[in-house]
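What follows is a set of notes on a single structure, which appears directly below.
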Amino acid sequence: MSKDKKQTTPEAAEETKAEQPETKDEAQSGPETPETEEKQPENKEEAKEEQKPEEQPAEEKKPADYAALNDRYLRLCAEYDNFRKRSQKEKDALYGDVKANALKVFLPVYDNLVRALAQPTEDEAYKKGVEMIMAQFKATMEKLGVTEMDCLGKTFDPAFHNAVMHVDDPEKGENEIVEVFQQGFVMGDKIVRHAMVKVAN
């Protein structure tokens, strides 16, 4: 190369410096455009005000949700308690019905023992044996909660008695039971069997 090409004047150095690209930071940043420019809030108070409309409904919604869930929980507890009581009541009623139906099957045995005791006999041992069976039968019925109706001399009640005969008797009161043909039984407030009776007047 020639000596003239190596030497540079100050004017040429300034021109080459002007033609060199800008620094890396300046080249990467580039000129700001209106599309990429984001509007920054002027102060912290404006930033808080912009966030409040989004956060406030969420904070207000939480207590309302808790109250609704609590109300649903209380209602569910009340419904379950009612269901439990109703189921227990139905279970008890079903047990009573089944028990009454089972005991009703044994009542013809009681009726036959009554007839046997009503028959006259000279065999005292036989009579005593029937009396012992009747006593045991009554004791067993009482253990199961079944009792005989006290009908004779009482006023006729269609809820407990079944009138099969009627007689006029001035010595008896109106609708008075004067004879019992078949003994009635009750178990608590449940009727196992209605009494078959004769009613006067």
Side-chain angles (χ1 to χ4, degrees), residues 62-201:
K62 286 181 181 178
D65 289 344
Y66 293 153
L69 290 172
N70 187 52
D71 183 64
R72 286 180 61 187
Y73 171 74
L74 293 176
R75 287 176 183 273
L76 185 62
C77 289
E79 289 176 3
Y80 174 74
D81 189 54
N82 292 335
F83 169 75
R84 183 179 57 81
K85 290 178 180 178
R86 184 170 60 252
S87 299
Q88 185 63 37
K89 188 176 180 180
E90 291 174 356
K91 184 179 178 181
D92 295 341
L94 180 63
Y95 174 74
D97 293 339
V98 173
K99 185 178 177 181
N101 291 334
L103 293 171
K104 193 182 291 185
V105 177
F106 292 94
L107 293 182
V109 179
Y110 172 88
D111 297 335
N112 289 329
L113 289 172
V114 171
R115 295 187 188 99
L117 290 172
Q119 296 298 321
T121 180
E122 295 179 358
D123 191 344
E124 293 296 328
Y126 170 79
K127 184 178 180 180
K128 186 176 181 180
V130 175
E131 289 175 349
M132 289 176 66
I133 294 172
M134 175 61 86
Q136 186 179 14
F137 187 91
K138 288 182 177 180
T140 303
M141 297 289 279
E142 288 178 0
K143 286 180 181 179
L144 294 172
V146 180
T147 56
E148 298 179 4
M149 291 183 185
D150 185 15
C151 301
L152 196 61
K154 303 295 182 180
T155 304
F156 173 77
D157 186 351
F160 296 94
H161 311 129
N162 184 17
V164 295
M165 289 187 67
H166 181 269
V167 64
D168 292 328
D169 190 345
E171 295 181 0
K172 302 294 181 180
E174 186 178 0
N175 291 331
E176 183 180 344
I177 297 173
V178 296
E179 189 175 351
V180 179
F181 299 112
Q182 189 179 67
Q183 185 63 49
F185 293 88
V186 294
M187 185 178 64
D189 58 351
K190 186 182 293 297
I191 298 173
V192 179
R193 186 176 74 177
H194 291 78
M196 193 179 296
V197 298
K198 180 195 287 186
V199 182
N201 305 321

Do you know the tightest heavy-atom contact between Ile191 and Ala159?
CD1-O, 2.8 Å
Is any NZ, NE, NH1 or NH2 atom of the basic residue among Asp71 and Arg75 found under 4.0 Å from an Asp or Glu carboxylate oxygen of the other?
yes
Distance (rounded to the nearest 0.5 Å) between Asn175 CG and Asn201 CG
8.0 Å
Are Gln183 and Val114 close enough, and set up right, to give a side chain to side chain contact (heavy atoms under 4.5 Å, CB included), and what steps lead you there?
CA-CA 10 Å; Gln183 185 63 49; Val114 171; over 6 Å; no
Kindly compute the distance separating CE (Met187) from CG (Asp97), expressed to the nearest 0.5 Å.
7.5 Å
So how far is it from Asn70 CG to Asp65 CG, rounded to the nearest 0.5 Å?
12.5 Å
Is there a side-chain contact between Lys154 and Phe160, using heavy atoms and a 4.5 Å cut-off?
no
Just verifying a value: how many Å separate Met196 CE and Cys151 SG, rounded to the nearest 0.5 Å?
11.5 Å
By salt bridge (charged side-chain N to carboxylate O under 4.0 Å, His left out), Asp157 pairs with (sequence neighbours left out) none
Nearest-0.5 Å distance, NZ of residue Lys89 to OG of residue Ser87:
12.0 Å
Under 3.5 Å donor-acceptor, Glu142 side chain and Thr147 backbone:
no
Do the rings of Phe156 and His161 sit parallel, tilted or perpendicular, given the 30° and 60° boundaries?
tilted
Using side-chain heavy atoms (C-beta onward) and a distance below 4.5 Å, is Glu176 in contact with Asp169?
no
On a heavy-atom basis, the closest approach of Asn101 and Val105 is O-CG2, 3.4 Å
Might you point out which heavy atoms bring Ala100 and Val192 nearest each other, and give the distance in Å?
O-CG1, 3.9 Å
Salt bridge check, Arg84 against Asp81: does any charged N sit closer than 4.0 Å to a carboxylate O?
yes
At what distance, to the nearest 0.5 angstrom, does CD of Glu131 lie from CG of Leu113?
11.0 Å
List in chain and number order the residues that pass side chain to side chain donor-acceptor pair (under 3.5 Å) with Arg86, two or more places apart in sequence or in another chain; answer none if no residue qualifies.
none
Is it the case that more than 12 heavy atoms not belonging to Phe106 sit under 6.0 Å from its CZ atom?
no
When you look at NZ of Lys99, are more than 12 heavy atoms from neighbouring residues, nucleotides or ligands closer to it than 6.0 Å?
yes
side-chain contact (heavy atoms from CB on, under 4.5 Å) partner of Tyr110, the single match among Arg115, Met141, Lys138, Gln182
Lys138
Heavy atoms from other residues, nucleotides or ligands near NZ of Lys198 exceed 12 (cutoff 6.0 Å):
yes
Heavy-atom distance under 4.5 Å between the side chains of Val146 and Arg193, does that happen here?
no
Checking Met149 against Phe185 for the side chain to side chain contact (heavy atoms under 4.5 Å, CB included) test, could you report, in this order, the C-alpha distance in whole Å, the side-chain angles of both residues, the deciding distance, and whether it holds?
CA-CA 5 Å; Met149 291 183 185; Phe185 293 88; 5.9 Å; no
